[in-house]
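Just below is one structure, and these are the notes that go with it.
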Amino acid sequence: MIQQIDNFIGGELVAPAGGRYLDNFDPAVGRVYSGVADSDARDVERAVAAAHAAFAKWSATPADERCRVLFRVADIIERDLEKFALAECVDNGKPLTRARTAEIPRAVKNFRFFATALLHERSDLHVVDREALNYTLRRPRGVCGLISPWNLPLYLLTWKVAPALAVGNTAVAKPSEVTPMTARLLADACVEAGLPAGVLNIVHGSGTQAGAALVSHPAVTTISFTGGTKTGRAIAAAAAPMFKKLSLELGGKNPNLVFADADMGAAVDASVQAAFANQGQICLCGSRVYVERPAYDEFVARFVEQTRRLRVGDPLDPATQQGAMVSRVQLEKTREYVELARREGGRVLSGGGPPVELPTRCRDGYFHQPTVIVDLPPECRVNQEEIFGPVVTIAPFENEADAIKLANGTEFGLSASVFTRDVNRAHRVADAIQAGTVWVNCWLLRDLRVPFGGMKQSGVGREGGDEALRFFSETKNVCVKVG
Ligand code: NAD
């Protein structure tokens, strides 16, 4: 009997109203290993009612007590790090080492950061001559709907849960149906930490059924969504007529610009990381690399050499650097784009198909080699559409203006990296790139205090730091006449 993952509603595990479960696959072996509640509008209704009932008390709980509870949740995840890391690895196919050293510790940090950030919040006071005082109150918004994707399952879920709850909201979370296991473990951590029943509810299931019911529920005031641009468009259309407060963190097609004066070793290291970390399944992955012409040949040779050395294998093996892709769908999509790249005139310099050697256990898993493609024009589909797999294209550029034009030449604007030793150029180019985050001589150095989000089709709104606390708060001005 495989484990069935139930919903977490009102502090208890509850079977879905329809009694149905979706298959949950272990992508490293290509087999079902658990079932996940296939929830519908009835389950969402129940979860929203529980969140609504818990709101008055939780929002009136002193901030330092809310902070203490969220800290306890962080401590429990940290104590159970191995259990969470294994769950994320088996659900998602990512190397266990990555889950253990990056994703789960970052989820712990989310809770600690937002719990303490709350204690340092300031409020504004504006004085109008001797006539009036205006002060600004920030209050929790009520029941928040939190919808997250499968690529960094616990990290992106807690990135929403922690600030929403810290501010005093209650929430209904809908994790990705593809990777539900860490959310299931989070429910246990919340109970053990003493989070009052109903403050966080977790409804599992498909986006079109459970997710859509959450977005359209009239009692859900606020929607924070991370996922694909197409889904974001559907959610925006459903939420807009109800005037819900909405944050959308969407897809990316992020450029890495390498100037000829850059430290080539560091640029290659960071660009390989940016292209293939988590099998290329991070929204911030640098999937288009542009290199200044004089450095192009050397960069490509070193990049390909380093890519070939990446070890693809069983995610449970500590030596593995590239695990399985999350699902058969994602694997097929990646293969189709590699085929498309060949038809569009691209030359595959490395990878391009399944790995040659895999342990027997992983024979039916969803593996794809890290793949490097050159000779593709910037406007082709492979250079314009988000693949979300281990595929990178490399092309030369002639000068700074050319580099900026290439970087900005897609409908996305999530992040970018610039590699140069010229500090003036670094600032100039960072300013000119249309992206929510620009890294200079690095990739994915994250600071939870800075605003995070995308430009153009990569999103609406900003999360992170104060922005998150403000997003999850209602702002009210009070004007008091003096004298
Ligand atoms: P997805 O859009 O398919 O699903 C994301 C979540 O939305 C899932 O929980 C899904 O069940 C739910 N959903 C799907 N349809 C829905 C609907 N109609 N109504 C409500 N909910 C719905 O995305 P995915 O495949 O899980 O994740 C990959 C995508 O996420 C990529 O495009 C990636 O770039 C993006 N992403 C963005 C960021 C960011 O911060 N900008 C971070 C990580 C991932």
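For ligands, and for the atoms within them, numbers begin at 1 and follow the listed sequence.
For atom 27 (O) of ligand 1, the closest non-hydrogen atom on the protein side is Pro149 CB, 3.3 Å. With respect to atom 7 (O) of ligand 1, the closest heavy atom belonging to the protein is Phe225 CE1, 3.2 Å. At the top of the distance list for atom 17 (C) of ligand 1, counting protein heavy atoms only, stands Gly207 O, 3.4 Å. Scanning all protein heavy atoms for the shortest distance to atom 24 (P) of ligand 1 gives Trp150 NE1, 3.3 Å. The nearest heavy-atom contact from the protein to atom 31 (C) of ligand 1 is Glu386 OE1, 3.4 Å. Atom 41 (N) of ligand 1 has Leu250 O, 2.7 Å as its closest protein atom, hydrogens excluded (heavy atom only). When hydrogens are left out, the protein atom nearest atom 38 (C) of ligand 1 is Cys283 SG, 3.0 Å; that is the closest non-hydrogen contact. For atom 15 (N) of ligand 1, the closest non-hydrogen atom of the protein is Thr231 CG2, 3.2 Å.
Between Lys253 and Glu385, no side-chain nitrogen of the basic residue sits less than 4.0 Å from a carboxylate oxygen of the acidic one, so the salt-bridge criterion is not met. Ion pairing between a basic and an acidic side chain is recognised when a charged N comes within 4.0 Å of a carboxylate O; Glu336 and Arg343 show no such pairing. In summary, Arg381 and Glu344 do not engage in a salt bridge, as defined by a charged side-chain N under 4.0 Å from a carboxylate O. In summary, Glu339 and Arg342 engage in a salt bridge, as defined by a charged side-chain N under 4.0 Å from a carboxylate O. The pair Glu82-Arg100 counts as a salt bridge, with a side-chain nitrogen and a carboxylate oxygen less than 4.0 angstrom apart. Between Arg141 and Glu474, at least one side-chain nitrogen of the basic residue sits less than 4.0 Å from a carboxylate oxygen of the acidic one, meeting the salt-bridge criterion.
With a heavy-atom cut-off of 4.0 Å, Glu177 touches ligand 1 through its side chain alone. Residue Thr226 touches ligand 1 through backbone and side chain together, judged by heavy-atom distances below 4.0 Å. Contact annotation for Leu414 and ligand 1: only side-chain heavy atoms (C-beta onward) come within less than 4.0 Å of the ligand. If you look at Ile235 next to ligand 1, the close heavy atoms, those under 4.0 Å, all belong to the side chain. Contacts with ligand 1 closer than 4.0 Å are made by side-chain heavy atoms of Leu156 only, the backbone lying farther away.
Rounded to the nearest 0.5 angstrom, Lys230 NZ and Gln457 CD are separated by 13.5 Å. Interatomic distance, CE of Met181 versus NE2 of His204, reported as 9.5 Å (0.5 Å rounding). Atom CD of Glu103 and atom CG of Leu154 lie 9.5 Å apart (nearest 0.5 Å).
Between the side chain of Ser458 and the backbone N or O of Leu414 there is at least one donor-acceptor pair closer than 3.5 Å. Here the side chain of Lys244 pairs no donor or acceptor atom with the backbone of Thr221 at under 3.5 angstrom.
Residue-ligand proximity, Phe452 to ligand 1, at heavy-atom distances under 4.0 Å covers atoms 40 (O). In the vicinity of Gly228, heavy-atom distances shorter than 4.0 Å reach the ligand 1 atoms 1 (P), 2 (O), 23 (O), 29 (C), 30 (O), 32 (O). Residue-ligand proximity, Ala212 to ligand 1, at heavy-atom distances under 4.0 Å covers atoms 19 (N), 20 (C). Remark: ligand 1 atoms within the under-4.0 Å shell around heavy atoms of Gly211 are 19 (N), 20 (C), 21 (N). The distance from ligand 1 to the heavy atoms of Lys174 drops below 4.0 Å at these ligand atoms: 8 (C), 9 (O), 10 (C), 11 (O). Ligand-side atoms of ligand 1 in range of Asn151: 43 (C), 44 (C), range being under 4.0 angstrom from any heavy atom.
Side-chain contact of Asn24 with Ser34: a donor-acceptor pair under 3.5 Å is present, judged by distance alone. Looking at Ser148 and Lys174, their side chains never bring a donor and an acceptor atom within 3.5 Å of each other.
Aromatic rings from Trp150 and Phe388 are positioned such that their centres are separated by under 6.0 Å.
Residue Ser148 places a heavy atom under 4.0 Å from ligand 1. For Pro175, the heavy-atom gap to ligand 1 drops under 4.0 angstrom. Between Ser176 and ligand 1 there is a heavy-atom distance shorter than 4.0 Å.
At a distance under 4.0 Å, no protein heavy atom can be found next to atom 4 (O) of ligand 1.
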